[in-house]
2 protein chains.
Amino acid sequence: MKIGELAKATGTQVETIRYYERAGLLSETTRTEGNYRIYGETHAERLSFIRHCRSLDMTLDEIRVLLRFKDAPTENCGDVNALLDEHIGHVAARIRELRTLERQLKGLRDLCQEAQDAAHCGILNELARQGSEGGSSAAGHVHGAHGRSVERKAIKDKRK
Amino acid sequence: MKIGELAKATGTQVETIRYYERAGLLSETTRTEGNYRIYGETHAERLSFIRHCRSLDMTLDEIRVLLRFKDAPTENCGDVNALLDEHIGHVAARIRELRTLERQLKGLRDLCQEAQDAAHCGILNELARQGSEGGSSAAGHVHGAHGRSVERKAIKDKRK
DNA sequence: ATAAACCCTGTAGCAACTAAAGAGTCAAGC
DNA sequence: GCTTGACTCTTTAGTTGCTACAGGGTTTAT
């Protein structure tokens, strides 16, 4: 099948498939005379594996490790367990961070119950205070509060 | 004070301060004869405000909105409340997502209790299965499972 | 024959920085 | 006066995991 069909079969975007090839997650395929990539069932399975891992929020580096084990079926899979345990640890850590964050935000929100002028807004005044040192940057690899949504808006990074 | 002193005073990196200036969060300052930026107390306060917001995982866009209110103290601050409510909603949504993810990962982990050869590893076999459609991409802006840690390793994006 | 639908490569953009190159400035010590 | 070192400047590129072009070529259907 051609790349568009593979894309449809796995629910992946065409560009993402080519990106995975460049990133070394999918090997380069044979091409048609017209230079089109051709894929078979094994490619579809491998891509499904990758997408499944991604839906579990693993990084491409982590997935590379898992793929190495899939490609060497006689190896001992103890490292797979370890990788997964570590990943679970990261997720748990991020949940704890976000819970703390949620508490802080709710506390902040309580400082201004009804709309008034900004000069007396408890929220703005509190945010202007010093301190508050330790942010939420833990050792894990779970992202901050802002996910992969579609609210891109063009940054005004105005360097002439 | 010079940029290094401001950096020390607020616990911010020098490059980050210059980045905020480019991004329009800090206005351009006066310079010395030798072209060094000079800051006063108001700059330190504004930067503290920004860093405080960042420690609460707000985006620079959200902070821009808050700064606009700080700069216009007679405006009604109802939008501040709304912004904060929305942000709290995003955090709460991300926590729910990560809890689901954690459950899935733990279920996966249970499939392989002790190390064996990869061909019979329940984890790898499960990940190779089809399906698992809906990932964790909700509407909010809270990041995935991998945070702002220091585990960068150079991607092998081998384009010749 | 030609238009539409697909495919190709290469490059730039997103968030919020971080790092490094290459150059200039300033104060202190000899 | 001159050097050394610490600081600063601008500009550019890297990080993650894509996404979206531009500017072409190929295939398929009419």
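Note that these values count all heavy atoms, side chains included, but never hydrogens, waters or copies made by symmetry. Below, chain A is the first sequence line, B the second, and so on; all start at residue 1.
Side chain of A/Y19, nearest nucleotide from C/dA16, D/dT19, C/dC8: D/dT19. Out of C/dT18, D/dT19, D/dG17, the shortest distance to the side chain of A/R54 is found at D/dG17.
To the nearest angstrom, P of D/dT28 lies 12 Å from CD of A/E33. The nearest whole Å value for the distance from the CD1 atom in A/I17 to the P atom in C/dT9 is 13 Å. Atom CG of A/L6 and atom P of C/dC6 are 15 Å apart (whole Å). Summarising the geometry, the separation between CD on B/E21 and P on C/dA16 is reported as 18 Å, rounded to the nearest angstrom. Atom CD1 of A/I63 and atom P of D/dG17 are 8 Å apart (whole Å). Atom CG in A/L47 sits roughly 14 Å away from atom C1' in D/dC18 (whole-Å rounding). Note: CD (A/Q13) to C1' (C/dC6) measures 15 Å, nearest angstrom. If you measure from atom CD of A/E62 to atom P of D/dG17, you get 9 Å, rounded to the nearest angstrom.
Residues passing the side chain to side chain donor-acceptor pair (under 3.5 Å) test with A/R103, sequence neighbours excluded: none. Taking A/T12 as the reference, A/T10 meet the side chain to side chain donor-acceptor pair (under 3.5 Å) condition, with sequence neighbours excluded. Legend: residues meeting ring-ring contact (aromatic ring centres under 6.0 Å, His included) with B/Y20, ordered by chain and number and at least two apart, are absent. Checked against side-chain contact (heavy atoms from CB on, under 4.5 Å), B/R96 has the following partners two or more places apart in sequence or in another chain: B/A92, B/A93. With sequence neighbours left out, B/Y36 forms a side-chain contact (heavy atoms from CB on, under 4.5 Å) with B/K2, B/T32.
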Under a 4.0 Å heavy-atom criterion, the protein footprint on nucleotides 1-8 of chain D, written with B, S and -, is ------BS
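The phosphate of C/dA16 has neither OP1 nor OP2 within less than 4.0 Å of any side-chain N or O from B/R51. OP1 and OP2 of C/dA15 both lie 4.0 Å or more from every side-chain N or O belonging to B/R22.
Formation of a donor-acceptor pair under 3.5 Å by the A/R46 side chain with backbone atoms of A/S27 is not found in this model.
Along DNA chain D, the nucleotide nearest A/T32 and the nucleotide nearest A/E15 are compared for position; the residue whose nucleotide lies closer to the 5' end is A/E15. Taking for each of B/G34 and B/T16 the nucleotide of DNA chain C with the nearest heavy atom, the 5'-most of the two is the partner of B/T16.
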Applying salt bridge (charged side-chain N to carboxylate O under 4.0 Å, His left out), run through A/R64 and A/D61 and close with a yes or a no.
-> CA-CA 5 Å; A/R64 261 183 275 265; A/D61 264 351; 3.2 Å; yes
